[in-house]
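Below is one structure, written out as structure tokens, with a few remarks after it.
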Amino acid sequence: MSRSLVATYRLQFREGMDFQTAASLAPYLKKLGVSHLYAAPIFAAADNSTHGYDVTDYNTLDEGLGGVAGFTAMSDALSSVDLGLLLDFVPNHMGVSPANHWWEDVLRWGSESRYARNFDIAWEAEKILVPVLGKPYGEALEAGDLSVRLDEKAGALRFDAAGYGLPIDPRTYGHVFGLLDHAEKDRLVRRFSVATPAEADELVERLLEHLDDEDFALALRRAVETINADRGALHDLHEAQAWRLAWWRTAREKLTYRRFFEIADLIGVRQESRRVFRDSHQLVIRLARERRLDGIRIDHVDGLADPKGYLEQLRQAFQSVRRSPSIHVEKILTGDERLRTSWEIEGTTGYEFITALSGLYVDPAKEAAMTAAYHDFIGSEPDLRAMIRGQKRSIFQRNLAGELSALTNLALSVASRGLSTRDLGPDTMARAIVEVAAALPVYRTYVSVDGVSRRDVAIIDEAVDLAMTSREVEADEPIQFIGRLLKLDFEDGADIAGALDFTRRFQQTTGAVMAKAVEDTVFYRYNRLIALNEVGGEPDHYGADVEAFHEAMQIRLEDQPDGMLATSTHDTKRGEDARARLYTLSEAPERWAELVGEFSEMLSDYRIGIEPGLSSPDPETEWGLYQSLLGVLPADFDPANDVLRDEIAGRLAAFAEKAVREAKRWTSWTSPAEAYETALADFVAAMLGGGEDTSFIAKFWQAAKPFVAAGALNSLSQTAIKLAAPGVPDIYQGTEFYDFSLVDPDNRRRVDFAARSQVIGAEESLAEDLANWRSGALKARMTAAGLALRARMPEFFAEAGYVPLSPAGPRAAHLVAFARQKREDGGDKTVVVVAPRLTLTLLDGAEDLRVAVDGWEGTTVPLPEGVEMRGWRNIFTGETLAPTGDLDIAAVFKDLPVAILEAL
């Protein structure tokens, strides 16, 4: 690894953030205390990309961000203050765009393209489907939406579909020239006859050269005008291409290439090919050799055909680098799933840390009361697990119908060779595939040419057994056959090869099924406590005891001591401090139910009937909306501030629209219900309308204040834990201060770095910070203090053990404590964290965090052996404590109700 990983700082590039701006932030990031800038994708991407995940050229830095010169300047600025760089890399997919020269070449030449095997394309299909038309193909043709145009700059003819351009196979130019009179036709065909792709460059040179010939140019333009006026000829030209335009709705069931989830504009890349891997990683390897790249974050590793094989290739490619970059992967672990240590990487990007933290702050003792309140308000009792399985079926059968069809054909090809399975039909096989995928408890398994691990066998067997209980398939044999395919349970070589083809594609698909069904559907349908509806989270895991957190941290230490500790990312459903506030609702479900009843009554005039049995918002959406409003309000919110209210109203309205469309219950992205959405927007506007004392928002804010204060204390608590837990703290842009963001794109808003820089390093007293806790400055300065500690002893935090500590006394249930300990010459080096939990009950309705420093008399934390004779320094307050066997929490929390203590 290059520089020691102390902490990373994530920046979203584009939409105001470029290389020059990032370079200017280097001094601030150094002052804050991180060791690495963690950059969102910075490679060339589709035109007007807002995120960079639609990369069009792996080996070109985006010119809109500043290109090579801008990147070099940024890299030099980081190095000048000893900061490293981690890059977000997207190997699984590329943007389908004219800017992607690989894709353009494939469209032009079809299976003869030199890049034909770079993408996951079903070449056995007749055409490459391009589903971009706003209406069915025949209607688009008759409406004049299709045409040919001359691209004089490129020296080529292109097909245009209402602004979407496609290359034309030069061997079919005769369809255009053939409409001219004999002399003109003969002239063009003779000069521009092309037989093979190898002649393409020569053709372009000739065409560009002859465009200066006025007679030639006139004839060519006349040919274009002529074919555009002849629908039949235009259709014939279209049919002669390697691609076929289609209505956008066709994509879900007929798409001829693997895509990212259900996004037709993102095509799957075959990184399992060594040539493709080599061609797509030239730049990152060169940057590593030049010491301008210290680490790489692999996006959507589960989308790759063979994640382990890919990561091995990547590690081998970096072996020639003097300081090998670190490797982290975006991998969502569910339930008791653990990271595959055979991957030999630093770790994940940290979603599982969010899940572990949530268990600390949600009160499991109050789950039944919250569930009853939720059910009573929505008027039903949804079964989350049944909902998830149902949505996985629906997503697979509808949104990913094309993938299901491809998998069905692969399975049938193997089944047809077996006497006991050749009678299985396509419908039965498809339903069996769906049931096994719906029952799978994880995003995917990792079967490959290396075989099937015992862990994967257990997962597959569990899914098969569960699928057979559903009775969605009349017989067990088809489901058992899918299980055999997934375990490569065959003796014949051809059957094993066929099973491997099926399993590879199945494994690449189940992650999409899970993500679209759970993260992008159920998380917007099941709103009992939305703080739990987080990437990698499970909303029915409602809090946990402290021991479960300790166990999770010990697993992190064992599996990924250098894994990232995330609390917010560009993919989280809400900001870390919004979640911290919403956790507190779990402590007072009866009070929340009472408040929701009052809120609902106050806004009853704005709840509009859409049709019999349906109002907007519907009860499920309304229950979630009140939580979203609670989460999004800044800690220093003023209902009388019209500008602030309007800004929040706009953000909440955009979120509400996204939420109900993702839920796909009453409206959707593909079929918006205008009446429902209009009424919902009006309801949100009413929530934030008016700032007078009698307005809804004023009364809401008054009721929210105890939750706001408790949420702030939760925020300080999780910040302290993150700063000392096993792993590498990852700070998403701006979240060193409070972050009350909603889901993307709300969490990609611009950050006021100038204001943050003024706070970090400024001399303020702790009393002032705690008194002014609503500003977020206290969280920021705690972050800086914790990062300074980690920077001072990086080897300690990389290697120290994790020791759970057990609080005792009257407030023991309100504490989580642990030590990081490493044996060294002269005695153990130790750092202890003591942080509050269940803070709403702890504050007992108080709206001032200074209250939390009192009432700890008699509560202690026994220290680990070997440190009884050591004094302690509180890194936040600077105060020292005398040697002691048990920490007296009243003394520890005398000035600040959270502590990180360093043994002296």
Side-chain angles (χ1 to χ4, degrees), residues 10 12 38-43 45-46 49-56 58 86-96 118-120 257-273 276-277 280-281 284 295-314 327-334 337 339-340 343 345-352 354 395 399-400 403 437 440 442-446 448 504-520 523 534-536 563-564 566 569-573 730 743-744:
R10 170 81 176 194
Q12 294 297 111
Y38 167 22
I42 59 174
F43 305 96
S49 174
T50 60
H51 46 73
Y53 289 94
D54 43 2
V55 58
T56 56
Y58 286 114
L86 271 66
L87 288 183
D88 195 339
F89 191 75
V90 190
N92 175 68
H93 53 268
M94 296 183 77
V96 170
N118 286 29
F119 301 114
D120 232 339
Y257 54 83
R258 182 177 64 84
R259 53 190 170 157
F260 173 70
F261 291 4
E262 56 182 347
I263 304 173
D265 287 341
L266 297 176
I267 186 171
V269 179
R270 298 184 65 249
Q271 292 290 351
E272 63 270 26
S273 163
V276 174
F277 178 91
S280 56
H281 290 72
V284 293
I296 192 167
R297 178 260 197 193
I298 301 303
D299 179 73
H300 188 44
V301 73
D302 278 348
L304 298 170
D306 179 11
K308 181 174 181 289
Y310 169 83
L311 294 168
E312 286 175 349
Q313 281 196 84
L314 188 60
I327 301 174
H328 290 85
V329 297
E330 182 193 30
K331 166 62 192 168
I332 299 168
L333 302 169
T334 61
E337 183 184 13
L339 180 65
R340 306 285 171 124
W343 288 1
I345 59 174
E346 274 63 35
T348 73
T349 52
Y351 293 121
E352 68 283 348
I354 297 174
I395 291 292
N399 303 57
L400 298 174
E403 292 291 337
L440 202 68
V442 294
Y443 277 69
R444 65 165 285 172
T445 52
Y446 298 95
S448 69
R504 182 184 296 117
R505 190 64 173 261
F506 181 87
Q507 291 176 149
Q508 287 178 285
T509 303
T510 56
V513 172
M514 177 78 90
K516 294 305 298 181
V518 180
E519 297 169 36
D520 294 343
F523 278 3
E534 195 49 83
V535 181
M564 290 183 177
T569 78
H570 61 292
D571 282 329
T572 44
K573 299 301 182 184
D730 173 42
V743 73
D744 172 83

Minimum heavy-atom distance between [X] and [Y], given as atom pair plus value:
X	Y	result
A45	G52	CB-CA, 4.1 Å
A512	L400	CB-CD1, 4.1 Å
V90	V55	O-CG1, 4.3 Å
A39	R10	O-NH1, 4.3 Å
S49	D54	OG-OD1, 2.7 Å

Is there side-chain contact between [X] and [Y], with heavy atoms separated by less than 4.5 Å?
X	Y	answer
T349	D730	no
K573	F523	yes
F277	L314	yes
R504	D306	no
K331	P307	no

Could you pull out every donor-acceptor pair under 3.5 Å between side chains of residues 262-270 and any protein atom, sequence neighbours left out?
unit_1, atom_1, unit_2, atom_2, d
E262, OE1, N399, ND2, 2.7
E262, OE2, K516, NZ, 3.2
R270, NH1, R117, O, 3.0

Output the distance between atom [atom1] ([X]) and atom [atom2] ([Y]), rounded to the nearest 0.5 Å.
X	Y	atom1	atom2	result
Y446	K308	OH	NZ	13.0 Å
E534	D571	CD	CG	9.5 Å
Y351	M564	OH	CE	11.0 Å
I296	L311	CD1	CG	10.0 Å
D302	T509	CG	OG1	12.0 Å
T569	Q12	OG1	CD	8.5 Å

Test your reading of the model: is there a side-chain donor-acceptor pair from [X] to the backbone of [Y], 3.5 Å cut-off?
X	Y	result
E352	L333	no
E346	G563	no
R258	D120	no
E330	I298	no
Q271	N92	no
T510	Y443	yes

Under the side-chain hydrogen bond (donor to acceptor under 3.5 Å, both in side chains) test, which residues partner R259, sequence neighbours left out?
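Result, side-chain hydrogen bond (donor to acceptor under 3.5 Å, both in side chains) vs R259: none returned.
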Excluding sequence neighbours, so at least two apart, what forms side-chain hydrogen bond (donor to acceptor under 3.5 Å, both in side chains) with T334?
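With sequence neighbours excluded, T334 shows a side-chain hydrogen bond (donor to acceptor under 3.5 Å, both in side chains) to no residue whatsoever.
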Sequence neighbours excluded, which residues qualify as ring pair (Phe, Tyr, Trp, His ring centres under 6.0 Å) partners of [X]?
X	answer
H328	none
H570	Y53
Y58	F89

Distance alone, cut at 3.5 Å: any donor-acceptor contact between the side chains of Q507 and T445?
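Note: Q507 and T445 side chains meet the donor-acceptor criterion.
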Strictly by modelled atom types, are R297 and Y38 linked by a side-chain donor-acceptor pair under 3.5 Å?
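Yes, because at least one side-chain N or O of R297 sits under 3.5 Å from a partner of the opposite role on Y38.
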What verdict does the side chain to side chain contact (heavy atoms under 4.5 Å, CB included) test give for R505 and E403, after you've listed the backbone C-alpha separation in whole Å, the side-chain angles of each residue and the deciding distance to 0.1 Å?
CA-CA 8 Å; R505 190 64 173 261; E403 292 291 337; 2.9 Å; yes
Are F261 and H93 close enough that their ring centers fall under 6.0 Å?
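So the answer is no for these two rings.
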